[in-house]
2 protein chains.
Amino acid sequence: MVETSKRAYAGVAADDRRTQRRERLLLAALELFTARGYQQTKIVDLCTAAGVSTRNFYEEFQAKEQLLLILHGRINAQAMHRVAARLDEVADADARTRISTLLDVFIGSVTADPRLPRLNYVEAVGVSADLERQHQEWVRRWADFIEAEARRAAAQGDAPDRDYRLTAFALVGAITGLLREWQAHEPPLEAAEIATEIRELMFAAITRPA
Amino acid sequence: MVETSKRAYAGVAADDRRTQRRERLLLAALELFTARGYQQTKIVDLCTAAGVSTRNFYEEFQAKEQLLLILHGRINAQAMHRVAARLDEVADADARTRISTLLDVFIGSVTADPRLPRLNYVEAVGVSADLERQHQEWVRRWADFIEAEARRAAAQGDAPDRDYRLTAFALVGAITGLLREWQAHEPPLEAAEIATEIRELMFAAITRPA
DNA sequence: ATAATCTGACAAGGCCGATTACCACTTTGT
DNA sequence: ACAAAGTGGTAATCGGCCTTGTCAGATTAT
């Protein structure tokens with residue numbers, strides 16, 4: 001498809017320049033998709049903002065949707081990576097501590113930049129079947145995560161022993177909904193209050209009598 | 001813009017035929033938007049499915065988006081109307097009964113046809129600024145509703161006296177998330193189980209200690 | 001220095017779909 | 001029955017934007 005370049009150019013290896021262009025295009029996509037909307041963003045706009053030519057665009061990506069898929073995946077993957085890493089550090093803490101940690105890290109990761117929840121919970125919705133599949137896959141993973149914590153709490157006697165599948169889905173929805181609201185609400189909501197609300201809600205949901 | 005017709009035609013008043021065409025177009029829109037996706041649905045597709053000409057389309061609507069706005073508004077309005085009516089019937093019941101009623105009616109109304117949640121929670125997301133505004137407006141109304149029930153529960157001593165604003169938003173998100181999952185999940189989820197989960201979650205969220 | 005190679009800007013081609021002009025046909029009032 | 005008015009389908013127009021071809025200039029190896 002794209003020929004591999006043979007030699008360095010402008011002092012930088014060709015591959016390096018290509019990855020730089022990729023990143024600049026992804027950056028521009030995050031900015032424009034969330035500012036004007038995904039549909040409203042034209043490929044020329046992306047290229048102008050990224051400082052590359054339309055020709056370059058097609059050397060790196062097949063279509064606009066690919067940018068959205070990559071960004072959506074990255075945002076989720078980065079958040080999950082951070083959460084998992086942090087949870088490892090509190091491996092043998094009690095349920096309440098672990099759940100608090102999980103949520104603080106997640107909310108912190110996604111509210112660091114308002115464009116992140118905007119992209120994931122607004123712009124990336126209903127775009128294509130592929131994107132819907134990817135969304136569902138991530139919802140499943142997050143639900144697995146929450147379910148595992150609930151089971152852990154149950155094993156420690158802090159929660160009843162029951163099926164937490166739907167509870168996990170509901171909690172993912174609650175988080176998503178609050179973050180979608182957060183990035184659009186006027187006047188602005190406090191990220192810290194969102195985190196508190198979610199923490200209390202999740203704790204109540206898990207410890208409620210079966 | 002559109003001239004008012006002066007006299008009856010084909011045995012039916014012109015206005016009647018127009019409203020019939022409107023309804024057929026809206027029906028076709030609900031079907032096609034949820035089956036192929038909003039963006040993928042072309043105006044000619046709508047006209048073919050509804051059995052009207054493209055000419056007729058522009059006599060009734062300014063643009064495709066208007067159909068989406070109307071459908072989105074209708075689905076919400078109808079659900080809210082049913083919920084409100086039903087809640088009036090149990091005006092002096094206890095908090096638990098009222099919340100159960102609220103949720104059963106709502107979930108029942110929206111899961112009666114899988115296309116409804118699909119349209120409202122997938123296809124109508126991130127389409128335009130107008131639609132986002134309308135979405136936010138409905139989220140606000142539903143949150144008001146839930147908040148009012150929570151306050152009522154607090155007044156009856158069934159829940160602590162605190163600020164329920166964020167809890168209400170979170171619960172709207174939980175419902176939305178579960179319904180979005182419901183309409184896409186393979187194998188299918190049971191609407192009744194969704195209703196149960198939401199009921200217990202909401203009850204736990206409201207009665208949790210402040 | 002020069003040929004070979006690579007790069008990026010520009011613009012033209014081409015497609016798709018929204019919008020409207022036209023016109024043949026149907027219905028109604030006299 | 002006939003003229004006036006209303007109607008709806010077809011097809012042509014129009015514009016936007018994705019996609020790729022071209023070419024002049026920059027860079028490198030010999």
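Below, chains carry the letters A, B, ... as their sequence lines are ordered, and counting in each starts from 1.
If you take CZ of B/Arg55 and P of C/dA21, they are 9 Å apart, rounded to a whole angstrom. In this structure, OH of B/Tyr58 is placed 12 Å from C1' of D/dC14, rounded to the nearest angstrom. D/dC18 atom P lies 14 Å from atom CD of A/Glu65, rounded to whole Å. In this structure, A/Gln62 places its CD atom 14 Å from C1' of D/dT19, rounding to the nearest Å. Distance CD (B/Gln20) to C1' (D/dG8): 15 Å, rounded to an integer number of Å. Taking atom CG on B/Asn56 and atom C1' on C/dT19, their separation rounds to 14 Å, with Å as the unit. Residue B/Ile43 contributes atom CD1, which lies 11 Å from atom P of C/dG17 at whole-angstrom precision. Distance B/Leu46 CG to C/dA18 P: 9 Å, rounded to the nearest Å.
Residues A/Ala205 and A/Thr167 come closest through the heavy atom pair CB-CG2, 4.0 Å. Between A/Ala124 and A/Glu132, the closest heavy-atom pair is O-OE2, 4.3 Å. Shortest non-hydrogen contact noted between A/Ala79 and A/Val110 is CB-CG2, 4.3 Å.
Cation-pi geometry between A/Arg208 and B/Phe203 is not satisfied (NZ or CZ under 6.0 Å from the ring centre, within 45° of the ring normal).
Taking only side-chain nitrogens and oxygens, B/Arg17 comes nearer than 4.0 Å to OP1 or OP2 of D/dT7. The phosphate of D/dG8 has neither OP1 nor OP2 within less than 4.0 Å of any side-chain N or O from B/Ser53. In this model, the phosphate group of D/dT7 is not approached by any side-chain N or O of B/Arg18 to a distance below 4.0 Å at OP1 or OP2.
Between A/Lys42 and A/Thr54, the residue anchored closer to the 5' end of DNA chain D is A/Lys42, taking for each the nucleotide with the nearest heavy atom.
Under the 30°/60° scheme for interplanar angles, the aromatic rings of A/His72 and A/His135 are found to be tilted.
Tested against A/Phe61 for a side-chain contact (heavy atoms from CB on, under 4.5 Å), the candidates A/Leu69, A/Leu46, A/Ile70 yield a single pass: A/Ile70.
Taking the C1' atoms of five terminal pairs at each end of the helix from C/dA1-D/dT30 to C/dT30-D/dA1, the two resulting helix axes are inclined by 0°, rounded to 10°.
Contacts classified as ring pair (Phe, Tyr, Trp, His ring centres under 6.0 Å) and involving residues 164-194 of chain B (residues at least two apart or in different chains) are given here: A/Phe169-B/His185, A/His185-B/Phe169.
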